[in-house]
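The sequence lines fix the lettering, A, B, ..., with proteins before strands; numbering per chain opens at 1.
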There are 2 protein chains.
Amino acid sequence: MSKTQDPSSPDLDATASALPLFAQIKSSLRQDILDKRLRAGQKLPSEAQMQLSFGVSRITVRQALNELQSEGLIETVNGKGSFVTRPADAPRLGMLAGFKESLRRSGRMASGRMLSVRTGPAPQRVARALDLPPHALVTITRAIFLADGVPTAFVKSYYEPTLGREILSERLATEDAMSVLEDELGFRLDQTKISATAVKCGWIRGFLLEVPADEPLLHMRFIPIDLTGLALMYSDVYFRPDRFSYRAMLRR
Amino acid sequence: MSKTQDPSSPDLDATASALPLFAQIKSSLRQDILDKRLRAGQKLPSEAQMQLSFGVSRITVRQALNELQSEGLIETVNGKGSFVTRPADAPRLGMLAGFKESLRRSGRMASGRMLSVRTGPAPQRVARALDLPPHALVTITRAIFLADGVPTAFVKSYYEPTLGREILSERLATEDAMSVLEDELGFRLDQTKISATAVKCGWIRGFLLEVPADEPLLHMRFIPIDLTGLALMYSDVYFRPDRFSYRAMLRR
DNA sequence: CAGTGGTCTAGACCACTCC
DNA sequence: GAGTGGTCTAGACCACTGT
């Protein structure tokens with residue numbers, strides 16, 4: 001049995017040169033959460049219990065918990081305890097939420113139509129962004145998103161097909177990629193790289209989005225990144241500007 | 001039976017302990033910084049001094065300082081003290097930095113040419129965004145930004161003309177609006193509302209940006225917001241997509 | 001060296017939640 | 001009432017910065 005299931009292992013490093021105690025406790029808990037030894041929604045041991053199991057004072061425990069809280073990994077409720085946050089409960093700023101969720105917030109009906117799902121080699125820029133070897137195989141999806149029944153966005157996404165991420169393809173017709181990553185697969189989005197530019201529609205996208213070929217489209221790229229630094233996907237999105245404009249709030 | 005001690009704290013609010021002590025200390029210091037009684041770069045009183053002047057324990061002082069630090073208002077240096085951050089030293093993510101600064105980071109020469117500066121009534125959407133009465137007078141600037149000498153962006157900005165913000169117009173030819181707001185005027189940018197869409201260039205902008213009238217442009221809107229919640233400007237920017245694409249990192 | 005922030009302890013009382 | 005987190009105190013020792 002190499003697996004010890006005790007999430008509160010009192011294995012603090014006593015050597016003077018190591019991290020401060022609270023940092024060791026913090027990273028121990030942090031690892032338990034990221035590795036899902038502590039599941040989303042689960043209650044952490046009480047501060048009193050940690051005081052005993054780690055052999056430190058309560059203030060030291062609290063310092064670790066405070067930092068985890070400000071990182072959004074846990075939340076504490078007076079009189080009840082500390083709990084691992086569910087990824088989707090963490091505040092979503094900007095486009096960390098997805099396209100459909102953001103449409104629904106503005107009161108519009110959002111739906112999607114998957115055009116194709118296939119496996120193929122990653123283009124160079126994708127492999128670089130996802131930190132994969134050149135020509136690694138990825139899952140490639142193409143889809144049309146509709147707002148109130150009108151074609152609004154054309155999306156081409158690349159997923160590294162391990163870690164169960166390929167099951168995305170089954171849900172994408174009804175769900176958001178970002179929402180699925182968070183809610184179903186339990187990834188903890190930390191940040192999203194975005195870029196924006198404009199392109200001429202062209203006749204292929206024009207056909208799909210039902211606009212003339214010389215109309216402008218908003219071209220955005222989204223690369224959501226996990227708390228562990230893992231790039232989860234690479235998504236090129238072409239929006240019809242008459243149907244959708246991207247909004248976000250950038251924080252200091 | 002209520003705790004009626006602590007009648008002698010000179011600066012703290014004694015009204016029935018509405019806020020915790022550390023929160024009162026925090027907001028007192030915060031106000032001193034925002035009102036510039038404590039200037040950028042200035043050293044705060046030492047923790048020991050605050051312990052005396054506020055009449056609380058050191059941990060309570062430190063709790064206030066910790067939160068101010070995580071908000072980016074102060075920074076503490078071991079062995080020296082705590083200091084009010086200079087706005088420009090606060091980490092700038094996304095487009096909180098400006099266009100020229102971001103161009104220079106990518107190694108390109110950035111310059112600007114002011115086309116016009118005038119005062120006029122704010123369009124409705126601008127007045128609403130800046131929280132001004134309808135038809136309030138604002139300073140309106142139009143400018144062309146060049147990258148490596150090539151016209152790259154056309155910018156139309158609206159500034160509420162009080163608070164010395166109008167001096168912006170003098171510097172905008174060489175400096176960034178966001179940089180001037182932070183470095184020269186000492187505003188503390190907290191967040192920036194952005195939106196992105198695509199438009200056809202049209203012949204006016206086409207003439208200014210030296211592209212054909214049916215080329216697509218990236219249209220972005222920036223509304224930087226102060227730590228006090230004040231909207232500092234309203235800026236419509238039209239980018240040539242062949243010269244510039246907008247990049248940012250959205251954080252949780 | 002003295003002054004500063006960084007870490008940590010061993011208590012205490014309170015407000016809140018659940019039983 | 002028992003258990004929990006929220007706040008606060010009065011110390012202590014350390015590492016770092018300046019002189």
### Query
What is the ring orientation for Phe222(B) with Tyr246(B), classed by angle as parallel under 30°, tilted 30 to 60°, or perpendicular over 60°?
tilted
### Query
Could you give the CG-to-P distance, from Asn66(A) to dC8(D), as a whole number of Å?
13 Å
### Summary
When Lys80(A) and Thr76(B) are each assigned the nearest nucleotide of DNA chain C, the 5'-most assignment goes to Thr76(B)
### Query
Rounded to whole angstroms, how far apart are CD on Gln49(A) and P on dG3(D)?
11 Å
#### Entry: Distance in angstrom units between Asn78(A) CG and dC14(C) C1', rounded
9 Å
### Task
Give me the ring orientation class for Tyr158(A) and Tyr234(A): parallel if the planes are under 30° apart, tilted from 30 to 60°, perpendicular past 60°.
perpendicular
### Nearest-Å distance for atom pair CD/P, residues Gln63(A) and dC8(C)
7 Å
#### Entry: Atom-to-atom span, CD of Gln51(A) to P of dA12(C) - whole angstrom
13 Å
#### Entry: Min side-chain heavy-atom separation Leu29(A)-Met50(A) under 4.5 Å
yes
### Between dT4(D) (C1') and Leu52(A) (CG): distance, integer Å
14 Å
### Task
Could you say whether Ile59(B) or Ala48(B) is positioned toward the 5' end of DNA chain C, judged by the nucleotide with the nearest heavy atom to each?
Ala48(B)
### Task
Have a look at Phe22(A) and tell me which of Leu65(A), Val56(A), Thr60(A) forms a side-chain contact (heavy atoms from CB on, under 4.5 Å) with it.
Thr60(A)
### Summary
Ranking dT9(C), dA10(D), dT7(D) by distance to the side chain of Ser57(B), first place goes to dA10(D)
### Task
Between Arg62(A) and Gly79(A), just flag the one whose closest nucleotide in DNA chain D comes earlier from the 5' side.
Gly79(A)
### Query
With respect to the phosphate group of dT9(C), does any side-chain polar atom (N or O) of Thr60(A) fall under 4.0 Å of OP1 or OP2?
yes
### Message
If I take atom NZ in residue Lys43(A) and atom P in nucleotide dT17(C), what distance separates them, rounded to the nearest angstrom?
### Response
15 Å
### Task
Please determine which of Thr139(A), Val126(A), Thr141(A) meets the side-chain contact (heavy atoms from CB on, under 4.5 Å) test together with Ser157(A).
Thr141(A)
### Nucleotide nearest Arg58(A) when distance is taken to its side chain, options dC13(C), dC8(C), dG5(C)
dC13(C)
## Note on the structure
From CG of Leu21(A) across to P of dA10(C) the rounded distance in Å is 12 Å
### Query
From the list dT7(C), dT9(D), dG5(C), which nucleotide is the closest neighbour of the side chain of Glu47(B)?
dG5(C)
